[in-house]
Amino acid sequence: MTDSFNRKITYLRLSVTERCSEKCIYCSKSEGKCPKESELSAESFVKIARACALIGISKVRLTGGEPLLRRDFIQIVSGISSLNTYKDISLTTNAQLLKEQAHALKKAGINRCNISLDSLRDEAYNEMTGGDLQKVFRGIKAAFQERMTPVRLNTVLIKGKNDLEIDSFIEVARKYPVDVRFIELMPMGDASFEGISNEKILADRPYLKPVELTEDYSGPAKYYSSSGFAGKVGFISPISHSFCESCNRIRVTSDGFIRPCLGDTAEYSLKEALTGSTEDLARLIFDIIRKKPQRNSFSDSFQTNRKMNQIGG
Ligand code: SAM
């Protein structure tokens, strides 16, 4: 289906929990409790996916919070997979639990995963996220072993925290067949942190050249590479280059709201409709998509009502 601005909406992002095993300084650190009771059931997520498929959505990403914390996560994945309507079922994870779960995830239907990786130094990683860098490395290895590829590593650069590691991250893309992506910091968390502009990273590294992309690369990231690189360097630049005109996505929060735009506080509850038929739910989602705003409000002193862990990054 298309929204009111003629954008084709094909991509659903389900935030299956707002609970997280990490506490990233720019994401959920100051968050208090994350009530498990308000999370939708596995059946409800599968029903939303079924309804979305009826209106032409064909890609789904499972995110959070940390999706692998949900004990019934495999049930959600296999439920969506058994609809046989999604050509792409992907996962965003901090990889703290990935090694243990990778085989079951692949078997249930996850075909690729994005892994958040904010530092390549043990101490700095722990300081930024509260997590264990070595577990991330083991998770990345497991993702390759299970062929959940392409594996994409997502890095949010913060001034004074990990911005001196830019070239080390690019080196990872030179050495290994992974996509290392720099995501510009969005105003969704602690306002005291300052991000790094992707424009500046590129301007300082003229050896990085744009690459031709296949169908696997339909998102907002722009990819670059250089001679001898095994992987690519991606830039997701919602702040320096908004990509609203090509936005193809909607988000569902773990407590059952559709958020048509990450950078706009409007949300619409699906909870009542979840008790009715899938067709009625699809009609409601269709009507909500028609209300998707033309642009995000990041440049208009945007004040978020939810942190990223509550919306699904
Ligand atoms: N727990 C999973 C993980 O760490 O990948 C999934 C959820 S996390 C919210 C998804 C992504 O959102 C992460 O890559 C994280 O770095 C990114 N993120 C969180 N807050 C952000 C912000 N304010 N600006 C840009 N990206 C952000």
Side-chain angles (χ1 to χ4, degrees), residues 13-31 34 39 60-70 73 76 90-98 101 105 110 112-119 124-126 128-133 135-136 139-140 143 148 151-159 161-163 165 169 178-198 219-221 234-243 249 251-254 259 262-263 296-298 302-313:
R13 294 176 68 105
L14 295 174
S15 173
V16 297
T17 180
E18 65 182 62
R19 291 174 288 129
C20 195
S21 47
E22 293 192 334
K23 293 281 165 274
C24 298
I25 50 173
Y26 54 85
C27 182
S28 61
K29 192 170 187 207
S30 54
E31 217 39 57
C34 299
E39 286 172 3
V60 61
R61 173 170 297 277
L62 300 159
T63 178
E66 176 48 44
L68 302 189
L69 284 182
R70 264 191 84 130
F73 187 61
I76 299 175
S90 59
L91 166 73
T92 300
T93 176
N94 60 30
Q96 294 296 294
L97 299 168
L98 185 56
Q101 299 190 28
L105 289 167
I110 295 287
R112 63 192 177 91
C113 65
N114 290 358
I115 295 173
S116 302
L117 178 58
D118 286 334
S119 176
Y125 180 84
N126 181 261
M128 283 187 77
T129 67
D132 178 348
L133 179 62
K135 286 188 181 169
V136 185
I140 294 170
M148 289 194 277
V151 172
R152 291 182 180 143
L153 307 179
N154 287 339
T155 302
V156 177
L157 293 168
I158 310 272
K159 216 167 247 180
K161 298 287 177 190
N162 58 354
D163 55 329
E165 294 188 64
F169 277 112
V178 289
D179 297 336
V180 173
R181 312 192 312 171
F182 297 114
I183 305 179
E184 284 178 345
L185 179 70
M186 289 175 261
M188 308 294 293
D190 189 332
S192 64
F193 293 111
E194 197 182 329
I196 305 288
S197 158
N198 278 342
F235 294 88
I236 302 181
S237 315
I239 305 302
S240 63
H241 282 106
S242 126
F243 36 79
R249 57 194 61 188
R251 292 177 163 82
V252 174
T253 63
S254 60
R259 184 158 173 131
L262 181 63
N296 66 43
S297 309
F298 286 148
F302 174 71
Q303 293 281 325
T304 189
N305 55 339
R306 292 196 195 234
K307 297 234 167 121
M308 200 70 109
N309 67 305
Q310 299 176 305
I311 307 171

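Residue numbers start at 1 and run along the sequence shown. Predicted, not measured: the structure shown is a model, and the values here were computed from it. Start at 1 and go down the list; that is how both ligands and their atoms are numbered.
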Checking Thr17 now: which residues fulfil side-chain contact (heavy atoms from CB on, under 4.5 Å) with it, not counting sequence neighbours?
Arg19, Glu39, Arg70

Using the test side-chain contact (heavy atoms from CB on, under 4.5 Å), find all partners of Asp163 that sit at least two apart in sequence or belong to another chain.
Lys159, Ile196

For Glu184, what residues pass the salt bridge (Lys or Arg N to Asp or Glu O under 4.0 Å) criterion, not counting sequence neighbours?
none

Are Pro220 and Arg249 side-chain neighbours, meaning at least one heavy-atom pair lies under 4.5 Å?
yes

Just wondering, do Leu262 and Met308 contact through their side chains at under 4.5 Å, heavy atoms?
yes

Using only heavy-atom distances, determine whether the side chains of Ser21 and Asn94 contain a donor-acceptor pair under 3.5 Å.
yes

Output block, N or O contacts of ligand 1, threshold 3.5 Å exclusive:
| unit_1 | atom_1 | unit_2 | atom_2 | d |
| --- | --- | --- | --- | --- |
| ligand 1 | 1 (N) | Gly65 | O | 2.8 |
| ligand 1 | 1 (N) | Glu66 | OE1 | 3.0 |
| ligand 1 | 4 (O) | Ser116 | OG | 3.3 |
| ligand 1 | 5 (O) | Thr93 | O | 3.3 |
| ligand 1 | 5 (O) | Ser116 | OG | 2.5 |
| ligand 1 | 14 (O) | Ser116 | OG | 2.8 |
| ligand 1 | 16 (O) | Tyr26 | OH | 2.7 |
| ligand 1 | 23 (N) | Met186 | O | 2.9 |
| ligand 1 | 24 (N) | Met186 | N | 2.8 |

